[in-house]
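Step one of this worksheet: look at the structure below.
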Amino acid sequence: MTVRRLVALARAVGYVVALALVVSVAVTAVRDASFADLRWPWLLPALVAALVWWSLLAAGWGVLADGRASRAGASLWCRTQALRYLPGGFWGPASRVVSVSGTATDRLLTVFTENLVSLCAGLAVAGVALTLAGRPEWLALVLTPAAPLVLARLAAVRSRVDGWRTGRTTVLYVGAFAAYAVAAIFAQSAVSGFADPAAIAGAATLAWAAGLVVVIAPGGLGVREAAYLALMHGQLGRGDLAAGAVALRLATIGAELLVLVLVGRPSSPGVEETRTGSEPVTP
């Protein structure tokens with residue numbers, strides 16, 4: 001078997017593993033949820049907003065890694081992201097470090113910048129939403145996207161991470177987390193009705209950032225839900241908040257699965273994928 005076919009086989013196996021991981025998490029979330037009082041029509045816009053969120057994140061990776069959004073870049077990102085559900089929680093970024101081309105320093109800086117941009121974009125959206133909710137002490141978070149731009153100036157000498165790529169990725173990711181905030185509002189509304197949208201948006205995006213920082217939690221499972229309940233304490237009933245967190249998790253997992261099915265499938269054996277600043281081997 002040729003090297004090309006071995007690589008294609010590895011991609012195909014990795015794709016099946018990624019699908020299995022996301023489906024297993026979805027099954028667990030559904031099993032643990034209570035749908036007795038769920039307003040199902042509210043979940044459709046939550047799913048659509050989550051699809052926008054996930055698609056923009058995938059596009060941002062392509063811009064950062066290869067200077068442009070592409071299906072191949074999104075495919076790589078979606079397949080490797082599914083690995084974050086494995087114990088340890090860091091396998092998604094680690095697999096991208098292995099998959100992307102370049103020197104060790106270049107690869108590490110690219111993946112580190114992607115995660116930093118994600119964190120800062122989520123924090124910025126949270127800062128705006130919480131300020132609108134009457135909690136101005138969080139407003140300083142809107143300054144956090146400056147951090148990856150400063151890093152880009154330092155890293156450009158030794159990596160592909162420059163100001164142009166980082167700036168475009170930051171814009172995409174801020175838009176992504178604005179969509180995530182909308183998904184959170186609709187998911188919570190499916191449980192408790194439309195109330196406190198700014199507070200819900202801010203708490204959900206800040207909770208997402210908490211899940212990213214606590215890397216030992218696979219996919220942020222448990223951490224995001226606990227942070228969301230703590231940030232929304234006293235504004236809605238605990239049961240409603242817990243159900244809203246599960247509804248949001250279902251919407252985001254559904255969006256991840258749909259995008260993975262649509263763009264995550266690797267090329268057929270013998271057909272070389274378009275390069276995206278990647279991949280000697282892709283999970």
Side-chain angles (χ1 to χ4, degrees), residues 14-61 71 74-86 89 91-92 118 121-122 125 172-173 175-194 197 200-201 203-205 207-209 211-212 217-225 227-228 240-265 283:
Y15 178 63
V16 172
V17 170
L19 278 175
L21 283 169
V22 179
V23 169
S24 67
V25 173
V27 169
T28 300
V30 170
R31 185 185 61 201
D32 294 341
S34 174
F35 300 109
D37 301 316
L38 196 65
R39 299 170 177 86
W40 288 99
W42 290 95
L43 281 186
L44 180 58
L47 176 60
V48 172
L51 279 168
V52 174
W53 167 64
W54 202 247
S55 299
L56 288 176
L57 291 181
W61 162 258
R71 183 191 179 280
S75 175
L76 170 66
W77 187 84
C78 290
R79 298 198 305 270
T80 55
Q81 269 297 90
L83 301 182
R84 75 193 187 283
Y85 290 123
L86 292 173
W91 297 106
S118 296
V125 171
L172 287 170
Y173 278 20
F177 281 100
Y180 181 85
V182 172
I185 293 169
F186 281 113
Q188 185 63 63
S189 297
V191 175
S192 56
F194 192 78
I200 291 167
T205 47
W208 184 93
L212 180 66
L221 289 169
V223 174
R224 289 183 180 128
E225 289 78 4
Y228 179 65
D240 282 349
L241 290 171
V246 172
L248 177 59
R249 176 70 70 173
L250 286 173
T252 57
I253 291 173
E256 179 179 358
L257 185 59
L258 283 172
V259 176
L260 182 61
V261 169
L262 291 173
V263 305
R265 184 175 57 85

Tell me, do [X] and [Y] make a side-chain contact under 4.5 Å, heavy atoms counted?
{"X": "L212", "Y": "R224", "result": "yes"}
{"X": "D240", "Y": "Q188", "result": "yes"}
{"X": "Y173", "Y": "L57", "result": "yes"}

So which heavy atom on [X] is nearest to which on [Y], and how close?
{"X": "A181", "Y": "V125", "value": "CB-CG1, 4.2 Å"}
{"X": "A207", "Y": "Y228", "value": "CB-N, 3.7 Å"}
{"X": "T205", "Y": "G122", "value": "CB-O, 3.8 Å"}
{"X": "A184", "Y": "I200", "value": "O-CG2, 3.6 Å"}
{"X": "W54", "Y": "A255", "value": "CD1-O, 4.4 Å"}
{"X": "V52", "Y": "A179", "value": "CG1-CB, 3.8 Å"}

message: Treating S192 as the side-chain partner and S189 as the backbone partner, does any N or O pair qualify as donor plus acceptor under 3.5 Å?
response: no

How long is the straight-line distance from [atom2] of [Y] back to [atom1] of [X], given to the nearest 0.5 Å?
{"X": "L250", "Y": "L248", "atom1": "CG", "atom2": "CG", "answer": "9.0 Å"}
{"X": "L51", "Y": "L257", "atom1": "CG", "atom2": "CG", "answer": "10.5 Å"}
{"X": "I253", "Y": "L47", "atom1": "CD1", "atom2": "CG", "answer": "12.0 Å"}
{"X": "Q81", "Y": "E256", "atom1": "CD", "atom2": "CD", "answer": "7.0 Å"}
{"X": "W61", "Y": "T80", "atom1": "CH2", "atom2": "OG1", "answer": "7.0 Å"}

query: Can you say whether the rings of F186 and W42 are parallel (under 30°), tilted (30 to 60°) or perpendicular (over 60°)?
result: tilted

query: Using 30° and 60° as the class limits, which term best fits the ring planes of W53 and Y180: parallel, tilted or perpendicular?
result: tilted

task: Verify whether one side chain among S75 and R71 offers a donor that lies under 3.5 Å from an acceptor in the other.
output: no

